[in-house]
Amino acid sequence: MQMGDQEHQTDAQYVRELENQIKRLKLIQYLNDTMNSTKNPNEILAKLLDQCISMTGASSGSIMLREKDSPDLKIVLFRNLDANVVQKTNIKVGDGVTGFVVQEGRPKLVNDVDLEPKYIPVRSDIKSELAVPLTIHGFIRGVLNVDSDHKNAFSEDDIDLMQTVAHQAAQIITRTMLTSELERKIQLQQILIDISNEVEKVYELKTAFDFVMKRLADKLKIQRGMLVLFDNEDVNQLSVVTAYNLTEEEMSRGIYRVGEGIIGRVVSEKTPISVPDINKNKDFLNKMKVKREKNTEISFIAIPIKIEGYISGVLAVEKEFEGTESLNDETDIIYLIGKFIANKVRAFQRITEEKQTLLDENLQLKKELYKNYGLSNFIGKNSKMVEVFDLVKLVADSQSSILIIGESGTGKELVAKSLHYNSGRREQPYISVNCAAIPENLLESELFGYKKGAFTGATVDRKGKFILANKGTIFLDEIGDMPIPLQGKLLRVIQEREVEPIGSESKVKIDIRIVSATNKNLQALIKEGKFREDLFYRLNVIEVKIPPLRDRKDDIPLLVTHFKQKYAVQNNRKIDNISPEAMRILQAYAWPGNVRELENTIERAVLLCKSGVIEPSSLPGFLVESEHSHVSDLSIGKWIETYIKNSSYEGKVYDTIVGYIEKELITSALLFNNRNKVKTADFLGINRNTLRFKMRDYGIK
Ligand SMILES: Nc1ncnc2c1ncn2[C@@H]1O[C@H](COP(=O)(O)OP(=O)(O)OP(=O)(O)O)[C@@H](O)[C@H]1O
Ligand SMILES: [Mg+2]
């Protein structure tokens, strides 16, 4: 090479550098003008791309960007490229020339694509390419590239120019990103504030959920949402309780085991899970079989619903994917919204629990009622009692007045309640008035009520028992004790089916079933002039007569077993049995206080019993003594019969009965033979040793 050439070369180089310098200055000037011409970032980017193409003499070009944490490069802007081709182009970091530039963070100039192994053909007429990275805060966000239809189209200087543009573009992108991110954050916060204010006012879980979803739907592009809660039946299973934009059928398929799928994992891992694209996630099971578009990316956000630190369920939403950054923000938002929903879930659970408790209680109460006053708890198999039960069943549903006659404690009140609870009025009130227990001067106001000011002390209106019992049953207990003047008033009420509260001008219509009871002989009272005959006939349309317990002693073992069980359960005692002696004493007694007295006796015995078997020592002294004085008013045959029919002796009837008789026999024989064992053994015709063993076994001294 000659000296002149070199000089020439240097000059030429100098001129080119100068030209480049001017070009760059012009470019900066241009960039400056462009930046000031519009605020729309996309427009600016488009102008920058156009500038690159015209400056470098390229035939086409594009800007590609990627999301943080994502390997995919997306073409956000292009010139002279086929839109279809662009759509199909799927470039990842590391792929092809552009992918390489993003990976390396360095520009790449390809003078001949045919010689470049990295080049991925997009269009057959592209011969050379130049790509420079877009770097934002050290992170390579994308690539700016231009292509040409002839080889060696781009120079080293073009790299410089493109980098200047790329630097500017990166700044615009950053600024836009920051602004839009800020805007989005503000918007999300606003949504949150709106929702929290509104949800406060809603009590219903479903209403609250629908409200939240509707708000989120348009603001966050939410497509579907659902609330999944633990099942009551299966502790390892959750099911959809309410949903947004899901059909009933889809919802019914939404059943998740703990640990299963995304929903199940949120529960087992106790943390929110967000998936950018469910089409690419194997954990997304689509159990509800929802038909979704294949071509759009759908994100799924699922967060745990926590109540008092425990997970109760999952709130999940499905939405169009809008970028990793925003998915993170949205997950935060949904997490916060989950907290509002959790409060509603708690309230919802409380209501459900309360409702269930009420239902249970109601059912229990009804069962109790029917158990207590249905006939099943009415014990007796004595033929006279069977007649009583049959009559009660027969007349319960009639409207006729019923008079129950029986000694004290025979079960008159029990019959009255059975009549009510076996009638069509069972859901209506049952009102009981004890005519003997209320002072004479108060009975009238008690029965018929009074108006405010009717007498001194009547400061408010008061409803009488007749009005309270309207549509139901009134039980007039101890009717024989009702004073004569009131009997007249009662008669009028029964005849006219109207009551007139004291001090009232008007009468109140009543629809009432009258059941009355007495342990007195009303016929005798009528004769004495103490009971109105006309009232007697009104009340005694049907008469139910309950026999005293002493006339139905065969019911005693059944009643004893029944009360023994009742009080053992009530007092948490374990009573296995009643000794034959104790049972015999109970059957021998005359029971002036009837079933009530027997019931009290057994209650006491259960409480006093220490061994688990009721012995004579658990019974009141006077019972035991009376047993000695008139040994037994039952024949031995009857006595055996009662033991045979008492279910508590099943499997040991032989030992019990024979043992008892043997003991009685030995005791009596000993007494008869002046306690002389030798004489007694001879008398009985048994071996002396046998007698000795038996006496020891039975504890006879
Ligand atoms: N046949 C029976 N089966 C089971 N329990 C009975 C029976 N008869 C009475 N009772 C019980 O005996 C007790 C007394 O019954 P109830 O109060 O009905 O008698 P009463 O005739 O109204 O007595 P009083 O005349 O003293 O008012 C109650 O606890 C009742 O449940
Ligand atoms: Mg009574």
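Hydrogens, waters and symmetry mates are skipped; everything else that's a heavy atom, side chains included, is used. Indexing begins at 1, ligand by ligand and atom by atom, following the structure's order.
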* Asked: Nearest to atom 19 (O) of ligand 1, what protein heavy atom do you find, and at what distance?
  -> Gly411 N, 3.1 Å
* Restricting to pairs with a member in residues 682-691, which pass side chain to side chain donor-acceptor pair (under 3.5 Å), not counting sequence neighbours? -> Asn689-Arg692
* Determine, using heavy atoms of Val415 and all atoms of ligand 1, whether some pair is separated by less than 4.0 Å. => no
* Structure fact -> The protein heavy atom nearest to atom 12 (O) of ligand 1 is Glu599 OE1, 3.2 Å
* Ring geometry between Tyr589 and Trp591 (parallel below 30°, tilted from 30 to 60°, perpendicular above 60°) -> perpendicular
* Asked: Can you tell me which residue and heavy atom of the protein come closest to atom 25 (O) of ligand 1, and the distance to 0.1 Å?
  -> Lys412 NZ, 2.5 Å
* Asked: Quick one: does Gly409 get a heavy atom under 4.0 Å from ligand 1?
  -> yes
* Asked: What protein heavy atom sits nearest atom 26 (O) of ligand 1, and how far away is it?
  -> Arg596 NH1, 2.5 Å
* Counterpart residues, ring-ring contact (aromatic ring centres under 6.0 Å, His included), relative to Phe683 (two or more places apart) -> Phe672
* What's the shortest distance from atom 10 (N) of ligand 1 to any protein heavy atom, and which residue and atom give it? -> Val595 CG1, 3.4 Å
* **Ser408-ligand 1 polar pair, N/O distance under 3.5 Å** => yes
* Closest non-hydrogen protein atom to atom 3 (N) of ligand 1, residue and atom name please, with distance? -> Ile379 N, 2.9 Å
* Basic-acidic side-chain contact under 4.0 Å: Lys384, Asp555 -> no
* N or O contact, Glu413 vs ligand 1, cut-off under 3.5 Å -> yes
* Hey, are Glu615 and Ser617 close enough side-chain-wise for a donor-acceptor pair under 3.5 Å? -> no
* Asked: Is there a donor in the side chain of Asn434 and an acceptor in the side chain of Asp477, or the other way round, less than 3.5 Å apart?
  -> no
* To do: List the closest protein heavy-atom neighbour of atom 5 (N) of ligand 1: residue, atom name, distance to the nearest 0.1 Å.
  => Phe563 CZ, 3.6 Å
* How far apart are the closest heavy atoms of Ile666 and Lys694, and which atoms are they? -> CD1-CB, 3.7 Å
* Examine Leu559 against ligand 1 and note whether any of their N/O atoms are separated by less than 3.5 Å. => no
* Asked: Do we see a donor-acceptor contact under 3.5 Å between the side chains of Tyr450 and Glu444?
  -> no
* Considering only protein heavy atoms, which is closest to atom 4 (C) of ligand 1, and at what distance to one decimal place? -> Asn377 O, 3.5 Å
* Between Tyr430 and Tyr421, what is the ring plane arrangement, given parallel below 30°, perpendicular above 60°, and tilted in between? -> tilted
